[in-house]
Each structure stands twice: as C-alpha cells, then as structure tokens.
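Data block below; observations after.
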Amino acid sequence: MLMPSRTKFRKVRKGRIHGGKASALSSIAYGRYGLVSLESERINARQIEAARQAMTRYVKRGGQIWIRIFPHTPVTRKPQDVKMGSGKGNPEFFVAKVKPGTIMFEMDGVAEEVAREAMRLAGHKLPIKTRFAVKEEQ
C-alpha cells in the first residue's frame, strides 16, 4: 500500500481542497490513455491500490500502468467511545487530495477498448466520478 517513507510532521490539519480545476497533473504525460477526476475528494491509499489491481487484472498484466497520485496527507482518528477533548487522534491512513481535472492513472501498450474498460473498472473503486481520456497526437 502506498504511504510516505517519512513525513516532516506526524499530524496535519484537515484543510480544504480549494481552487477549482487542477493545474498540475492535468495532462497525460506518460501513457496514451488516462483516468481523469471530475470532482474534488480525498482518495485513500486502499482505494488507489484497489483501482490499480482492477486495471492490472483486466489487462492481464499487459501494457504499462502509471499511478500519478500519491497519498501524502495523514488522516487521524480517535478511538471509539472516547470523550471530547484530550487532543488529536493518531494517524490511521494516508490520503491524496484530488481536484477536478487531475489525471490519476495512465496506461499504454494496450488497445483503446481494453484500456477504456480497465479504467471504467478502476473508476468504480474510487469515491469520485471519473472520465476516460485519450492523449491528443501532435
């Protein structure tokens, strides 16, 4: 599962995913096909891994897949049945903050129909609406 090897701070504040469309990670860089987010959301490492496995299984380990997002942000949780106060909970998992228009996964080395179906299956594993994208040829 994806997680940072070390972080500068163990706990961070929740924050908000501001600012409309994504400027970084908004174009297909490595492959020919991509999976684009249409909403802003926090995607945890388990969801990223589930989507990756769905794509890899469908293409029968053919072609190549790139994961363009990484879960940097720790999310804390307090234990169940704990009273209010007494500080912030311990880090439980890591999330990637995704804006609309972010290319989350890329694929190459397979036919477009295969890539489209693999990305559709991966999109069902994610908590946001997604769209299939094809790189424009120059």
Side-chain angles (χ1 to χ4, degrees):
M1 199 161 36
L2 294 172
M3 67 170 36
S5 55
R6 60 191 204 85
T7 57
K8 189 168 183 180
F9 300 105
R10 270 183 68 229
K11 303 173 184 178
V12 300
R13 291 186 175 167
K14 184 181 284 186
R16 296 286 179 264
I17 306 172
H18 287 299
K21 292 274 190 184
S23 54
L25 301 174
S26 60
S27 60
I28 297 175
Y30 304 107
R32 287 181 50 206
Y33 312 109
L35 189 66
V36 183
S37 67
L38 299 177
E39 301 171 346
S40 59
E41 186 66 57
R42 300 188 315 179
I43 299 176
N44 68 33
R46 287 173 179 267
Q47 292 163 340
I48 295 170
E49 179 63 15
R52 184 198 66 79
Q53 285 179 1
M55 283 191 292
T56 307
R57 285 201 182 115
Y58 186 79
V59 298
K60 297 184 176 73
R61 295 177 59 198
Q64 190 169 6
I65 295 172
W66 290 270
I67 304 171
R68 297 284 306 276
I69 55 176
F70 187 82
H72 292 287
T73 310
V75 175
T76 61
R77 289 265 165 89
K78 294 186 80 164
Q80 203 168 4
D81 301 327
V82 173
K83 292 181 181 175
M84 295 287 283
S86 70
K88 193 172 168 82
N90 294 322
E92 292 291 316
F93 55 92
F94 289 86
V95 298
K97 292 182 177 179
V98 172
K99 289 183 173 184
T102 302
I103 305 286
M104 297 180 291
F105 299 96
E106 291 186 23
M107 188 181 291
D108 201 356
V110 295
E112 183 175 342
E113 300 81 44
V114 174
R116 189 178 292 273
E117 179 63 16
M119 296 283 188
R120 187 188 69 81
L121 293 171
H124 286 306
K125 306 290 182 186
L126 301 172
I128 58 176
K129 291 180 183 173
T130 58
R131 180 175 53 82
F132 180 75
V134 180
K135 187 174 189 176
E136 306 92 24
E137 299 299 324
Q138 278 88 346

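Values below: all heavy atoms of this structure, side chains included; hydrogens, waters and symmetry mates excluded. Just so it is clear, the structure is predicted and the values come from calculations on it, not from any experiment.
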For the student: nearest non-hydrogen atoms of [X] and [Y], plus distance:
X      : Y      : value
Met3   : Phe94  : CB-CD1, 3.9 Å
Asp108 : Gly31  : CB-CA, 3.8 Å
Gly15  : Lys97  : CA-NZ, 4.2 Å
Ala54  : Lys125 : CB-CE, 4.1 Å
Lys99  : Ser37  : O-OG, 2.6 Å
Val75  : Arg42  : CG2-NH1, 3.9 Å

Applying a strict under-4.5 Å side-chain criterion to I, L, V, M, F, W and Y, I'd like to know whether [X] and [Y] cluster together.
X      : Y      : value
Val59  : Ile48  : yes
Leu35  : Tyr30  : no
Phe105 : Ile28  : no
Tyr33  : Val114 : yes
Met119 : Ile103 : no

- Task: May I ask you to check whether over 12 heavy atoms, not counting those of Phe70, lie within 6.0 Å of atom CZ?
- Result: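 Yes - once you tally the heavy atoms of other residues, nucleotides and ligands closer than 6.0 Å, there are more than 12.
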
- Message: Quick check on Lys88: does its NZ atom have over 12 non-hydrogen neighbours (other residues, nucleotides or ligands) under 6.0 Å away?
- Response: yes

- With a 4.0 Å cut-off, would you call Glu117 and Arg120 a salt bridge?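 Salt bridge between Glu117 and Arg120, a charged N being under 4.0 Å from a carboxylate O: yes.
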
- Message: For Arg116, is there an ion pair with Glu113 - N to carboxylate O distance below 4.0 angstrom?
- Response: no

Spatial distance of atom [atom1] ([X]) from atom [atom2] ([Y]) [nearest 0.5 Å]:
X      : Y      : atom1 : atom2 : answer
Met107 : Tyr58  : CE    : OH    : 10.0 Å
Arg131 : Ile128 : CZ    : CD1   : 12.0 Å
Ile67  : Arg52  : CD1   : CZ    : 6.0 Å
Ser86  : Lys78  : OG    : NZ    : 3.5 Å

Test item: [X] and [Y] side chains (from C-beta on) under 4.5 Å apart, heavy atoms:
X      : Y      : value
Leu121 : Met55  : no
Thr102 : Val36  : no
Val95  : Ile43  : no
Arg10  : Asn90  : yes
Glu39  : Pro100 : no

- Would you please test Val12 and Thr73 for side chain to side chain contact (heavy atoms under 4.5 Å, CB included) and show each step? CA-CA 7 Å; Val12 300; Thr73 310; 3.6 Å; yes

- Task: Would you please test Met104 and Val98 for side chain to side chain contact (heavy atoms under 4.5 Å, CB included) and show each step?
- Result: CA-CA 8 Å; Met104 297 180 291; Val98 172; 4.2 Å; yes

- Query: After noting the C-alpha distance and the side-chain angles of Val134 and Phe132, does the key distance pass the side chain to side chain contact (heavy atoms under 4.5 Å, CB included) rule?
  - Reply: CA-CA 7 Å; Val134 180; Phe132 180 75; 3.5 Å; yes

